[in-house]
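Notes for the one structure printed next.
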There are 2 protein chains.
Amino acid sequence: MTGISSFRQADIEEAEAYLDREPPAEIDPRLEPLVNEIISRVADKWTMLILEVLNEHGVMRFSEIGRAVDGISQKMLTQTLRQMEREGLVTRTIYPVVPPKVEYALTPLGDSLGRAFCGVWLWAERHIDEIESARAAFDACKDK
Amino acid sequence: MTGISSFRQADIEEAEAYLDREPPAEIDPRLEPLVNEIISRVADKWTMLILEVLNEHGVMRFSEIGRAVDGISQKMLTQTLRQMEREGLVTRTIYPVVPPKVEYALTPLGDSLGRAFCGVWLWAERHIDEIESARAAFDACKDK
DNA sequence: TTCTACACTCTCTTTTTGGTAAGTATAATT
DNA sequence: AATTATACTTACCAAAAAGAGAGTGTAGAA
């Protein structure tokens, strides 16, 4: 139940138009290492998937996220959520009850990151066939 | 010389408008695992950086890319370029001369991926301060 | 009284990743 | 005759990432 399925129409249309455009220009080279660092921490597999399920379902409990994100281990779930909390992408609300209850939700920052990734999801969805056939052609060629 | 600095004005404006929008909707949940897999292979550090320098410089030789991408080892350069070639993101043209000469260039597919990442670069650039202060606040709180 | 749910934490082991350094082939250069 | 440049490949090793599994504390259900 995760994946592309969670994007709103407005975002999709915008990202699609954007994918058909021409290439790059200039902004600020000084920020570069900083930006690289941020991207490397934020653009990992589990972060992207958690971002999506939270975007789709709103507020969720620890174990709910665990069930929604296919194949994630408890360890990775805790670790990724802590990292996301640290970066300001999610809020963590603890209810002092027993058994424990902890709720996670996206911050506006986390939400905006989800939107930024929309273009990449759309790209992947759009170009699945192209990639598959490129790979098949490459492998066939190298096997000979 | 890499980083955000290489995006064209049209892309930047489009991505900026896009970052200010509201969240997600529905597309196709069946593609999900496939899309996840593609993203996990394509959204890694070196791929993103190579994508950028090629986008900025056009056709490049092996050692030129090595010089342009800060900190990459020969091994990772070869490995990443092969993978990108396999996915259909770059073309590899070998000139049978000595010493060897090999040229790399983005395919239209590789080029479109670069554009898809534009939104993420812009997001990171825009929110550096927010992330830094979230992190500082988190760490200060946990240290007590 | 034992069991379950919850949200973890901790340790141990395996897998993956990536760096270093050496080797290859050959023509031109010093 | 030794060196340089090019674009690699291969072997080895260290570090980092990630999975598996057990442990924790407590209230309420069976």
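Residues meeting the side chain to side chain contact (heavy atoms under 4.5 Å, CB included) test with Val102(B), sequence neighbours left out: Arg92(B), Ile94(B), Tyr104(B). Applying the side chain to side chain contact (heavy atoms under 4.5 Å, CB included) rule to Ala137(B) yields no partners; only residues at least two apart in sequence or on another chain are considered. Every residue two or more places apart in sequence or in another chain that forms a salt bridge (charged side-chain N to carboxylate O under 4.0 Å, His left out) with Arg86(B) is listed here: Asp139(A). Partners of Glu130(B) under the side-chain hydrogen bond (donor to acceptor under 3.5 Å, both in side chains) rule, at least two apart in sequence or in another chain, are His127(B). By the side-chain hydrogen bond (donor to acceptor under 3.5 Å, both in side chains) test, Ser63(A) pairs with Arg67(A), sequence neighbours left out. Applying the salt bridge (charged side-chain N to carboxylate O under 4.0 Å, His left out) test to Glu103(B) and every residue at least two apart in sequence or in another chain returns Lys101(B). For Thr47(A), the side-chain hydrogen bond (donor to acceptor under 3.5 Å, both in side chains) partners at least two apart in sequence or on another chain are Asp44(A).
Under the 3.5 Å distance criterion, the side-chain polar atoms of Thr107(B) are matched with a main-chain donor or acceptor of Leu89(B). Between the side chain of Glu52(A) and the main chain of Leu49(A), no donor-acceptor pair closer than 3.5 Å is present.
Tyr95(B) belongs to a hydrophobic cluster whose other members, connected by ILVMFWY side-chain contacts under 4.5 Å either directly or through intermediates, are Val97(B).
Residue Tyr104(A) is classed as a sugar-phosphate contact, given heavy-atom separations below 4.0 Å to backbone atoms only. Using a 4.0 Å heavy-atom cutoff across all strands shown, Thr78(B) reaches at least one base atom of the nucleic acid.
If you measure from atom CD of Glu103(B) to atom P of dT6(D), you get 14 Å, rounded to the nearest angstrom.
Under the 4.5 Å side-chain criterion, counting only non-hydrogen atoms from C-beta, Val53(B) is in contact with Ile65(B). Looking at heavy atoms from C-beta onward, Glu87(A) lies out of side-chain contact with Phe138(B) at the 4.5 angstrom threshold. In this structure the side chain of Ile72(A) reaches within 4.5 angstrom of the side chain of Ile50(A), judged on heavy atoms.
Heavy-atom distances under 4.0 Å link DNA chain D to no residue of residues 82-94 of chain A.
The nucleotide range of DNA chain C contacted by chain A, defined by atoms under 4.0 angstrom from heavy atoms of the protein and reported 5' to 3', is dA5(C) to dT9(C).
For the helix from dT1(C)-dA30(D) to dT30(C)-dA1(D), the rotation axes defined at the first and last 5 base pairs enclose an angle of 30°, given to the nearest 10°.
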Could you write nucleotides 11-30 of chain D as a row of B, S and -, 5' to 3', where a protein heavy atom under 4.0 Å of any base atom gives B, of only sugar-phosphate atoms gives S, and otherwise -?
-------BBB----BBS---
